[in-house]
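Inspection log for the structure reproduced underneath, given as structure tokens.
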Amino acid sequence: MQHGKYRFIAGFLVVPLALYALFVIWPFIQAIFYSFTNWTGLSPEFKMIGLDNYSRMLEDDVFWKALQHSLVFAVVLPLVTIGLALFFAFMINVGGRRRKGAAVTGVRGSGFYKIVYFFPQVLSIAIVALLFKFAYNPSDGAINSALKAVGLGSIQPEWLGDPDLALICVMVVLVWSTVGFFVVLFSAGMASIPRDFYEAALLDGANRFTTFFRITLPLLWDTVQSGWIYMGILALGAESFAVVHIMTVGPSGGGPDYSTIVLPLYVYQKAFGPGQAAYATTIGVALLLVTLLFAAVVMRLGRRERLEF
Amino acid sequence: MKTTDTIPEGVAGDGPEPAPAATAPEREGSRSAPAAEKGEGQVLNVFSHGMLILWAFMVVIPLLWAVMSSFKTDKAIFTEPWSLPDKLHFENWSRAWTEAHMSDYFLNTVMVVGGSLAGTLLLGSMAAYVLARFEFPGNRFIYFLFIGGMSFPVILALVPLFYVLQNMSMLNTLHGLILVYIAYSLPFTVFFLTAFFRTLPSSVAEAAFVDGASHTRTFFQVMLPMAKPGLISVGIFNFLGQWNQYLLPTVLNTDPERKVLSQGLVQLAVSQGYKGDYSGLMAGLVMAMLPVLAAYIIFQRQVVAGLTAGAVK
């Protein structure tokens with residue numbers, strides 16, 4: 001197998017590696033480098049200014065707001081989404097009892113639920129964000145009209161226009177659009193748990209709570225953990241950018257009084273707004289650090305003995 | 001009736017529920033297990049079925065509302081948002097398709113996604129094959145270089161990426177976008193396919209090689225066909241990601257002629273919002289929604305398997 005091996009390897013790797021290096025690695029290295037300069041992005045000139053961008057960032061109120069919101073996203077969104085998804089997936093796969101002669105099955109209609117819950121996942125986040133933007137519209141959106149229709153006309157929240165509600169409204173949309181993916185993901189994981197475990201537990205008189213916490217969750221732990229990281233990266237990254245950018249008002253998104261600004265959106269505003277490209281990459285580096293830290297914390301907290309089955 | 005369906009069979013031998021238990025199939029001996037669960041079970045059943053149904057409604061209703069609105073007049077959307085359309089106003093759809101350029105956005109998206117999906121699969125499988133099945137110095141390093149990309153926030157690279165494309169005169173071009181999509185799809189694709197190629201038996205490849213096939217020929221004629229299930233999974237994953245991509249085109253592709261669907265829709269929302277053409281906008285939204293939803297319903301099994309294959313051990 002040695003003949004021409006290295007030529008073959010090089011031939012197969014050169015194009016993918018070149019593309020990857022040029023469009024992914026190189027821009028990342030450049031970004032980190034630019035964060036130590038005063039580059040405006042408008043002219044090619046810049047000089048090194050050390051850590052000035054970083055000290056400026058630490059005094060930037062909007063940065064702290066964006067960081068705070070991003071952290072809320074990274075903690076609350078996975079918690080709610082994965083909690084809901086675990087509950088649904090458990091009901092769909094294990095919740096039913098003694099149908100079709102098996103010890104554990106899903107509740108009736110589980111196949112239907114699995115298909116429907118997944119709908120939002122195949123839709124573009126832009127479509128989802130636009131859809132909800134109209135639904136949230138305070139004067140003639142679907143939600144406030146529905147409230148009127150059921151006699152709750154006195155409750156007409158401003159939704160995205162209310163600084164206290166806007167962030168929650170945005171998070172609801174992200175939960176809505178991702179729960180289905182995790183339901184299906186966890187269902188796939190649950191399907192691989194041997195049925196005898198459940199049968200044995202049932203013989204011992206375990207109820208559903210015990211079954212869930214003693215069997216399903218521990219055996220599903222790896223999947224839950226990788227799902228947790230996936231959701232956190234999503235909540236810190238491009239998805240949250242798209243939702244906030246499209247849904248919330250303000251010059252280029254960010255909500256009333258920056259009430260919905262998140263780190264990726266702030267990077268975008270600085271980068272393609274008022275000629276502060278270097279400062280934008282500095283915030284971007286902060287975002288990278290937060291993302292890596294988040295992944296490290298989840299892995300650390302989630303570490304436990306691996307269960308083999 | 002949904003809420004009670006599991007109970008009769010559920011707790012066989014548990015007091016005053018005689019008939020259904022008897023008709024249940026007597027498959028196993030372990031039928032008598034969870035007694036004393038009835039009260040709790042019933043409350044739980046009502047609650048959890050309620051939650052399941054509620055969430056199904058919460059998913060479906062916004063989508064149905066959009067479809068309904070796309071067939072209404074603007075006035076009806078605002079005055080009676082929850083009623084059915086008086087008649088089907090198809091003119092909204094034709095207006096969105098032609099005047100609002102949905103047809104152009106569709107065509108652009110099809111071209112970009114077609115090109116980048118093919119490129120991603122080809123280049124990704126080439127790199128993954130080499131990384132999975134050949135020992136050479138630097139193998140591990142290149143592998144981790146690729147996988148590391150999965151945890152980078154794309155937004156950080158956007159500013160320099162913008163200038164890389166500008167310097168290569170590929171800003172606002174479809175082929176530039178295609179190459180960028182491929183590059184950013186490589187990390188997951190290589191990660192997934194490397195694992196997949198490792199699971200394939202090496203004896204077949206060796207036999208082909210002994211028969212005189214070159215490495216390249218072995219790859220294209222033997223290994224790639226064997227890897228078809230993996231390619232389908234990762235292909236679906238990439239298709240959805242690239243079809244729905246919003247961030248990259250928003251930054252790298254601002255020429256109104258070349259917009260892709262997601263950014264075209266947002267553009268539409270801004271401009272139609274000023275014109276007050278909400279029905280046209282809804283038609284545009286539904287138009288963009290339907291193809292993927294339809295494809296999902298038809299290929300439901302493959303999509304789900306494709307999207308979850310990478311994450312479940």
Side-chain angles (χ1 to χ4, degrees), chain A residues 1 8-9 12-13 15-16 19-20 23-24 27-28 30-31 91 95-99 101 108 113 115-117 119-120 122-127 130-131 140 142 145-146 149 184-185 188-189 199 202-203 205 207 222-223 226 237-238 241-242 246 264 267 271 277 280-281 284 287-288 291 295, chain B residues 5-6 9-10 25 27 30 33-34 37 44 48 52 56 59-60 62 65-66 78 81-82 123 126-127 130 134 136 149 151-161 164 179-180 182-184 186 209 215-216 240 244 246-247 262 265-266 269 285 288-289 292-293 296 300 304 308 311-313:
Chain A
M1 294 270 277
F8 168 75
I9 292 171
F12 261 38
L13 276 177
V15 180
L19 268 187
Y20 184 63
F23 293 120
V24 184
F28 268 99
Q30 275 186 304
M91 287 312 299
R97 278 294 142 84
R98 310 223 163 254
R99 292 198 301 117
R108 197 158 291 177
Y113 289 126
I115 296 175
V116 167
Y117 286 10
F119 279 172
V122 297
L123 298 180
S124 158
I125 192 74
I127 293 180
L130 281 175
L131 205 57
D140 37 42
S145 315
V184 169
L185 180 71
E199 287 176 12
L202 288 180
L203 275 180
N207 62 21
D222 280 349
T223 309
S226 47
F241 164 80
I246 295 169
V267 177
T281 61
L287 175 62
L288 175 66
T291 310
Chain B
D5 61 20
T6 58
E9 312 156 53
R27 284 272 195 84
S30 62
E37 215 203 305
L44 204 66
S48 46
L52 283 173
V59 167
V60 170
W65 175 73
F78 292 126
W82 291 100
L123 297 178
M126 278 160 60
V130 168
F134 291 87
F136 59 95
S151 57
F152 293 163
V154 181
I155 196 122
L156 171 56
L158 280 182
V159 184
L161 182 61
V164 167
L179 292 180
V180 172
I182 295 175
Y184 281 86
L186 279 178
F209 197 69
H215 283 298
T216 317
L240 284 177
N244 291 334
Y246 174 69
L247 181 59
S262 51
L265 278 174
V266 174
L285 270 182
M289 238 160 55
V292 272
L293 269 187
Y296 164 60
Q300 191 258 122
V304 165
T308 54
V312 184
K313 60 171 183 169

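None of these values were measured; they are calculated from a predicted model. Lettering of chains follows the sequences in order, A, B, ..., and the numbering in each one begins at 1.
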request  = State which residues pass side-chain contact (heavy atoms from CB on, under 4.5 Å) with B:A183; sequence neighbours excluded, sorted by chain then number.
outcome  = A:F23, A:V24

request  = Please flag which part of B:Y296 lies under 4.5 Å from any non-hydrogen atom of chain A: side chain, backbone, both or neither.
outcome  = side chain

ask   = If you count heavy-atom pairs under 4.5 Å between each of A:V184, A:L287, A:I246 and chain B, which one has the most?
value = A:I246

ask   = Taking side chain as C-beta onward, heavy atoms only, is B:F134 less than 4.5 Å from A:L13?
value = no

message = Quick check for you: among A:T281, A:L19, A:V116, A:I127, which has the greatest number of heavy-atom pairs under 4.5 Å with chain B?
response = A:I127

remark   = Under 4.5 Å to a heavy atom of chain A? For B:L161 that would be both

inquiry  = For B:V159, which atoms come within 4.5 Å of any heavy atom of chain A: side chain, backbone, both, or neither?
reply    = both

key: Toward chain A, the part of B:L52 with a non-hydrogen atom under 4.5 Å   = both

ask   = A:V267 versus B:L156: any side-chain heavy-atom pair under 4.5 Å?
value = no

query = Which pair of heavy atoms, one from B:L293 and one from A:F119, lies closest together, and at what distance?
reply = CD2-CD2, 3.7 Å

request  = May I ask you to test the B:N244-A:I125 pair for a side-chain heavy-atom distance under 4.5 Å?
outcome  = no

ask   = Which pair of non-hydrogen atoms, one from B:P62 and one from A:L131, has the smallest distance, and what is that distance?
value = O-CD2, 4.0 Å

message = Could you work out, with side-chain contact (heavy atoms from CB on, under 4.5 Å) as the rule, every residue matching B:P160, not counting sequence neighbours?
response = A:P27, A:Q30, A:A31, A:Y34

task = Give, as side chain, backbone, both or neither, the part of A:S145 having an atom under 4.5 angstrom from any heavy atom of chain B.
result = both

key: Proximal component of B:F152, with respect to chain A [non-hydrogen, under 4.5 Å]   = both

query = Side chain, backbone, both or neither: which part of A:A295 has an atom under 4.5 Å from a heavy atom of chain B?
reply = neither

message = Only pairs of heavy atoms separated by less than 4.5 Å count here; which of B:L186, B:V292, B:L123 has the most with chain A?
response = B:L123

ask   = If you count heavy-atom pairs under 4.5 Å between each of B:L179, B:L158, B:V60 and chain A, which one has the most?
value = B:L179

key: Interchain contact, A:F241 with chain B, by part (heavy-atom threshold 4.5 Å)   = side chain

Spatial distance of atom CG (B:L240) from atom CG (A:L123) [nearest 0.5 Å] = 9.5 Å

Structural part of B:L265 lying under 4.5 Å from a heavy atom of chain A = both

inquiry  = Under a 4.5 Å cutoff for heavy-atom pairs, which residue among A:A142, A:A146, A:A242, A:G237 has the most contacts with chain B?
reply    = A:A142

ask   = Between CD1 of A:I115 and CD of B:Q300, what distance do you get to the nearest 0.5 Å?
value = 4.0 Å

key: Nearest non-hydrogen partners of A:A126 and B:Y246, listed with the distance   = CB-CD1, 4.1 Å

